[in-house]
Each structure stands twice: as C-alpha cells, then as structure tokens.
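Numbered from 1 within each chain, the chains take letters A, B, ... in sequence-line order. Computed from a prediction, not measured in an experiment: that's the story for all the values here.
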4 protein chains.
Amino acid sequence: MLEEKPLRADARRNRAKVLAAAEAVFTAKGMSAPTEEVAKAAGVGVGTLFRHFPTKEALLEAVLQEHLRRFAAEAVRWAGVDDPGNAFFAFLKQWVEMAATKNAYTDALAAAGTRAPEAAGVRDEVVGALRTLLTRAQDAGTVRSDVGVTELIALMVGTSRGAEHLGGDPALRQRMLEIVFDGLRPSPR
Amino acid sequence: MLEEKPLRADARRNRAKVLAAAEAVFTAKGMSAPTEEVAKAAGVGVGTLFRHFPTKEALLEAVLQEHLRRFAAEAVRWAGVDDPGNAFFAFLKQWVEMAATKNAYTDALAAAGTRAPEAAGVRDEVVGALRTLLTRAQDAGTVRSDVGVTELIALMVGTSRGAEHLGGDPALRQRMLEIVFDGLRPSPR
Amino acid sequence: MLEEKPLRADARRNRAKVLAAAEAVFTAKGMSAPTEEVAKAAGVGVGTLFRHFPTKEALLEAVLQEHLRRFAAEAVRWAGVDDPGNAFFAFLKQWVEMAATKNAYTDALAAAGTRAPEAAGVRDEVVGALRTLLTRAQDAGTVRSDVGVTELIALMVGTSRGAEHLGGDPALRQRMLEIVFDGLRPSPR
Amino acid sequence: MLEEKPLRADARRNRAKVLAAAEAVFTAKGMSAPTEEVAKAAGVGVGTLFRHFPTKEALLEAVLQEHLRRFAAEAVRWAGVDDPGNAFFAFLKQWVEMAATKNAYTDALAAAGTRAPEAAGVRDEVVGALRTLLTRAQDAGTVRSDVGVTELIALMVGTSRGAEHLGGDPALRQRMLEIVFDGLRPSPR
DNA sequence: AATGAATGAGTATTCATTCAT
DNA sequence: CATGAATGAATACTCATTCAT
C-alpha cells in the first residue's frame, strides 16, 4: 500500500486549485487545451502544476479519478435510500442528465475499467456501489435479473453519449432514456 | 449546381488512396495523427494530399462523409429486404458490431446532424433510409410506435459507444444489445 | 551572339500572355505571389509557364526587362522632341508619376545596372537614351553640367521611391519633385 | 496606461540578443529570412524567440521601432548643436551614409508614418525631432522655407534608396547628395 | 517550494519545380 | 507542345516539459 506523503497545507491547496482548474478548462476547451492555460486558470505557474502532476496525462488521469470518486459517492448515497427499486432508475437518470453536458464524466466512467493499477481502488469503489444499487433493484423486482454491472456500465456510458449527442432537448433525452429503462425492466410474464 | 470536374484517372486513384489511408490511420491513432503519416500510408507526398483536401479538417470531413455514404447504402439495402420487422433489428445489430471496432463510424453517424451544408445531401440520405427502415418495422409491429429517427440515431450512437467500451467480448455486447432491443419493442400491453 | 530561335506563333502568343499576366499579378500582389497564380491569370498551365521561363526568377527578370524596354523607348521618344531643355524635366516628371504607383518600374530601373549579362543590351539602350536626354538638356543650359547618368539614375530611383512613399497626394509629390529639379538646375551665376 | 512588466534579467538579455540577431540577419538576408535562423544567430531556441515576439511580423516591427528610436535620438542630438544651419545638412548626410548600407534603416524611416497605433509614440518623436532640425535651419536661412517635414522624409527615404542603389562609391554618393542639398537651399535672390 | 523563461521536437500548410498523361 | 497532378523541402508557430532564478 502506497504511503501518501502528507502535503504541506499550501501544497495541498495548490493541488486542489489545479485539479479544479483542469476540470473547468478541459471541459470547456477539450483535453487538448494547453497545460499552461490550466495553470493560469489555477493561478499557479506551470512549474507548480508539473510538480504536482508530472505529466499532462497524469493530470488528466487525476481529473478522471476525481470524477469517479464523486460518481462512487453519489452511487453510495442512492444505495442507502429506502426504495431501492426506484433509487436505481433515479440515480441513472440523474447521472445521465449530468453526464450529458459534461462528457468528461462519461469519459471517467468509461475509463473506470481500463485504468492503471493505481486507479484500481476507485474502480472497485465505483463498481461496488453500482453493484449494490443494481442488485437491490433486481431483488426489488424493478430490474431484470440477467443484467450484470459490466453491461450496466456500458449501457450508462452509451446512454450518456447518446444524450450528449441529442444536445439540449430534454424531452428527446427523456424519450431515449425511457427506451433504455424499459429495456432494463423485467419482461412481463 | 456545381459540376464535379472529372478527375484524371491517376488523380482519382490518389484521392481514393488518401481517403483509405486516412481512414486506416485515423482509426488506428486517432484524429490527431499527423497528416504526413496519412500521406505516407497512402504512398503519396503531402503536397498531393493537400491538393485533394485543402485542410486536415477537410480530410476528416471527407472520411466522415464516406462512412455516411456507406451507412446510407447499407440501410437502403436492408430497407429493401422482405421481412421489415426483422430487417430493422438485423441492420442495427450489424451496424453496432461494425461500429464497435471502428469508432470512426460512430463519429460519422453522430456527425450526421451537425455537419456543414455541403454534407446536407448525405445526411438526408442517411436519415431517409433510417426512417424507412424504422417506419416499416413500426408498421410490422416489431418496434414501438413512439420512437422517432432522432432518438433512434442517438440510441445507435450511444449503443455503439457502449459496445466499443465493452471491447472484445461478443456475449456481453449481445446482452447489452438485447436490453436496448427490448426497450425498442412495443410493450406487451 | 545567341540565336533567338524563332518561336511558333502560338508559343509566342503564350509567352506574351504570361508576361502580361506576370506584370499584372506581381504588381498587384508583390513578387512573392505564387507562380501558379500567374499561370492562371495567363490562362495557361504552370507547365507552359515553366517551359517559357525555366525559373520564377527568370520570369521576374523578363518582366523587369520588359519594363526597361518601355523605359528606353519612352526616353528615346522624348530625346527626339524639339525643346531639349524642357524635354528632360518633362520626361523625368512623367516617369516619376508613373513609377510612383508601379514600384515595379522603379525596381526595373534600379536593376538596370546590376543585371545578368544577357540584360546588357537593354541596359545600354536605357543608359544611352538617358544620356542623350541629359546631354542635350545640359547643352541647352537647363541642367547643371556636373551631373552624370549614373547619379541621374540613382536620383530617379530615389525620387520615385520617395514619391511612392508619399502615396496619393500629387501636391506633395510635386513639391518634392521641385526640390530635386531645382537641385538639378545650374546654380545661378 | 499599460504597465511594462519588468522582465527578469535573463529574459531581458535574451530579448535584446534576439533583437540584435534579427537586425543582423534581416539586414543580411532580407526580411524573408527564416525565423529559425534569427533564433540560431541569437543563440536561443525558436520557442524563446516566439515567447518574446509572438509573430514574425511583431519581430520585424520591433526591429523597425528600434531603428526609429535610434534615428530620433540622433536627430535630437543634432538639434541641440550650436550651428543649426549646418546641423541640418550634417545630420542628413550622416543619415544617408548610414542608411545607404543598412536599408533596414530606410525601411524604418519609410514606415514611420504607416505604422500601427502602438508605434505612434516613436513616430511622433521622429517627426518632432526632424521638424525641430528643419525649422531651425529654415530660421537660420540655410534651407528654403517652403519645405515641410513630410516632403523632407520622402526626400530622405528617396535619397537613401538612391544612395543604396549607387552602392560603394562615396564620390558618386556625394554628388547625388549635393544635388539634393542644393535643391533644399533657398534659391538665391 | 514556486515561478515562468527556455527549449526544441512536432505539425499544418505553401510553392517552386518536375513529369506522367 | 500543353496540361495540371505530384513532389517534398521549407517555414511559422505550438506546447509539453525542464531548469535557472
């Protein structure tokens, strides 16, 4: 288990500022935005940025992880809700709505599997939370029993890409979502 | 109406070689692959490439259009098949299978709406073919009647992204596809 | 003495068209205008252009020579005029007026000395015509006797560059010209 | 009012090195010399050059301004000299001598009028210094009173181009200069 | 530890010139 | 002979990363 060396207070603050700036900048201008712009947005010199994230890729990775962490947290939150049958769909809907505008979130989820070893922890968190949510809904009988987490993730990734593609119109998005949701429900009889 | 001046035989051949190379290279290394690499792969000088496609963007556009054209052709082909109820699903499955490995195809479909005026023709072709396929299936009663082409496209885009994300495993892909297909079928009362 | 091989009628016509186009294009867009543009303006393929002028530089050279030829012709014309004292100044004024807008003419005159051996003929023509004009004016007493053709050319080059720099205003140009003319006149006493 | 942020010592040094190299290279090989060559001559990477001057044009502009600044300084110096009648001609002669070999200087003077707003300051300096020099000489009676700064500049531009064209021979240059000088003097009587 | 200047490989695009049609 | 397609060296500019201050 890797020791996370305790950063000095200001160093931690800088790291956070950079991460936030990176999210903002990359979301706005795509991942090919110059690193220097991120630094500027963070109010830091490039040097500082590179001290915290030795590579642009590392920075992107960190942003991804951050997203995953939030995803996991949110999933856990919904997993604790009383009505598991609806919680599942509610979570999905909320997620898709959000991811539709910030494709970075979808990227993060999509990357959940493929990532480097260090990311394993977060991935497990995500998958775990999702599995809980799924299983409970299946137990409650609102979701067909032959769906696994893997397909679920693929479906979520796909659905949010589709939603993203649909752009602004919420009604259209809703209709697409209904189709997928119907597909997820147990077939009658 | 713009006259497409008939290119000299060798010129046409080169244009085609470049287009093919572009598809290969961009599929393999992403759209940010150096233009020069495309030229090399096509066995021509950069100059030639730029004579045919005055801009990298123009080249990408052309690749996209090419894909759309094939898509439309295929859709038309299936629209002519006897059993419209199944043709729809068969076409979808085939498309997703293909797009799962060449994300460029999904990109093309996703771009079908957003494109520049010159692309309008192809887009109409695509949408038209798709609409035919869809309407016939709805008439045949195998697809729920409240789906429009727009959502359908979004769904296709999403599903192939999801399939792409799933990677190699055909069984998983099949299961995801089943869910979407079920969602598309008319709900039994 | 080099034999100028007699060109076929259409070849000569093409050469002339290219030369004219080159003058137009280079005047309008500067000498760095693409050769292809000249060809297009001439209604000829690049290949043809390069057959007549093996190098862009050769083409520029030819344009220059053409200008010199016209210059010489004009000078000769004025040298034949009755009133040599005024002819000199009249010619100068006319030349500067013209050269002020087409700096290519100044370039040509400026190049009169520096050029390659083949240009020698034209240069001699130019210098000869100018010398005649000058000498007659000096004999007529309207121009100081200590001026030589060389300085005269330098002065003309300079004056037209100055005029060019002055841009549109003819009054200003006139005043500048007056100064130079006064300088050229014999000092009283 | 824009604050000129004080550059770090080494940055300032590099900026200066680049400017010097640019002057040298552009003077030697013309303004179309590759930017990279300037960088090499300055002993810095291209990146550094472009950090200081975001565009080749910006670099050229800076070189021009530098020249203008020197011109203005020199003019001011001569404007302070005791004998204004001769100072004017002395300055002119010196300037032409110098500009004859470095046409970049003439370019700078020629550009004094045409330049972008930011250059306005320097231009005013130049024109102001020149006007002082001119007016004093006119007051001293050594220069005709109907000459304005505008024509003067045009004349200087022209004369130095002429001198440049004359090339090496100082005697010829002197004779050309005499003619212009005589033209500038008040006509006797 | 933070800063931002320096670096230079990398990239799209142009254009003189050659050569197959 | 004319044509215009093919060529590829050349060039301005960008950006991840390093390093002196």
Within this structure, what is the [atom1]-to-[atom2] distance between [X] and [N], rounded to whole angstrom?
X	N	atom1	atom2	value
B:Arg15	F:dG4	CZ	P	19 Å
C:Lys40	E:dC15	NZ	P	12 Å
B:Leu60	E:dA12	CG	C1'	12 Å
C:Glu37	E:dT14	CD	P	13 Å
A:Arg12	E:dA1	CZ	P	13 Å
D:Phe53	E:dA6	CZ	P	11 Å

Between [options], which nucleotide gets closest to the side-chain atoms of [X]?
X	options	value
D:Phe50	E:dA12, F:dT14, E:dA6	F:dT14
B:Arg51	F:dG4, E:dA12, E:dT17	F:dG4
D:Val46	E:dT7, E:dG8, F:dA6	E:dG8

Sorted by chain and residue number, the salt bridge (Lys or Arg N to Asp or Glu O under 4.0 Å) partners of A:Arg51 (sequence neighbours excluded) come out as none
I'd like to know if the side chain of D:His67 and the backbone of D:Ala108 have a donor-acceptor N/O pair within less than 3.5 Å. no
What nucleic acid atoms does A:Asp10 come within less than 4.0 Å of, heavy atoms only: base, sugar-phosphate, or nothing? nothing
Which of residues 20-36 of chain D have a heavy atom under 4.0 Å from DNA chain E? none
Given E:dA2, is OP1 or OP2 found less than 4.0 Å from the side-chain N or O atoms of A:Asn14? yes
E:dA5 phosphate, OP1 or OP2: any side-chain N/O from D:His52 under 4.0 angstrom? no
side-chain contact (heavy atoms from CB on, under 4.5 Å) between A:Arg70 and A:Tyr105, worked out: CA-CA 10 Å; A:Arg70 287 192 218 151; A:Tyr105 285 98; 2.7 Å; yes
B:Phe50 meets the ring pair (Phe, Tyr, Trp, His ring centres under 6.0 Å) criterion, sequence neighbours left out, with none
Report yes if the side chains of B:Leu19 and B:Glu66 come closer than 4.5 Å at any heavy-atom pair, otherwise no. yes
Contact nearer the 5' end of DNA chain F, comparing C:Gly45 with D:Pro54: C:Gly45
Walking DNA chain F from its 5' end, the first of D:Thr55 and C:Thr48 to be reached, judged by nearest nucleotide, is C:Thr48
Are the charged groups of B:Asp107 and B:Arg161 less than 4.0 angstrom apart, N to O? yes
Is D:Asp10 salt-bridged to D:Arg15, cutoff N-O under 4.0 Å? no
Go through it in stages, so that I can follow the logic: the residues are B:His52 and B:Asn14, the test is side-chain contact (heavy atoms from CB on, under 4.5 Å), and I'd like the CA-CA distance, side-chain angles, deciding distance and then a yes or no. CA-CA 9 Å; B:His52 286 290; B:Asn14 274 336; 4.0 Å; yes
Walking DNA chain E from its 5' end, the first of C:Gly47 and A:Leu49 to be reached, judged by nearest nucleotide, is A:Leu49
Comparing A:Val44 with C:Lys56, nearest DNA chain E nucleotide closer to 5' gives the residue A:Val44
Tell me, please, which residues at least two apart from D:Lys56 pass side chain to side chain donor-acceptor pair (under 3.5 Å). none
Which dot-bracket string fits DNA chain E when only Watson-Crick or G-U wobble pairs with both atom distances under 3.5 Å count, crossing pairs get [ ], and | stands for a partner on a different strand? .||||||||||||||||||||
Show every donor-acceptor pair shorter than 3.5 Å between a side-chain atom in residues 26-46 of chain B and any protein atom, with sequence neighbours excluded, or say none if there are none.
unit_1, atom_1, unit_2, atom_2, d
B:Thr27, OG1, B:Glu23, O, 2.6
B:Lys29, NZ, B:Glu37, OE2, 2.7

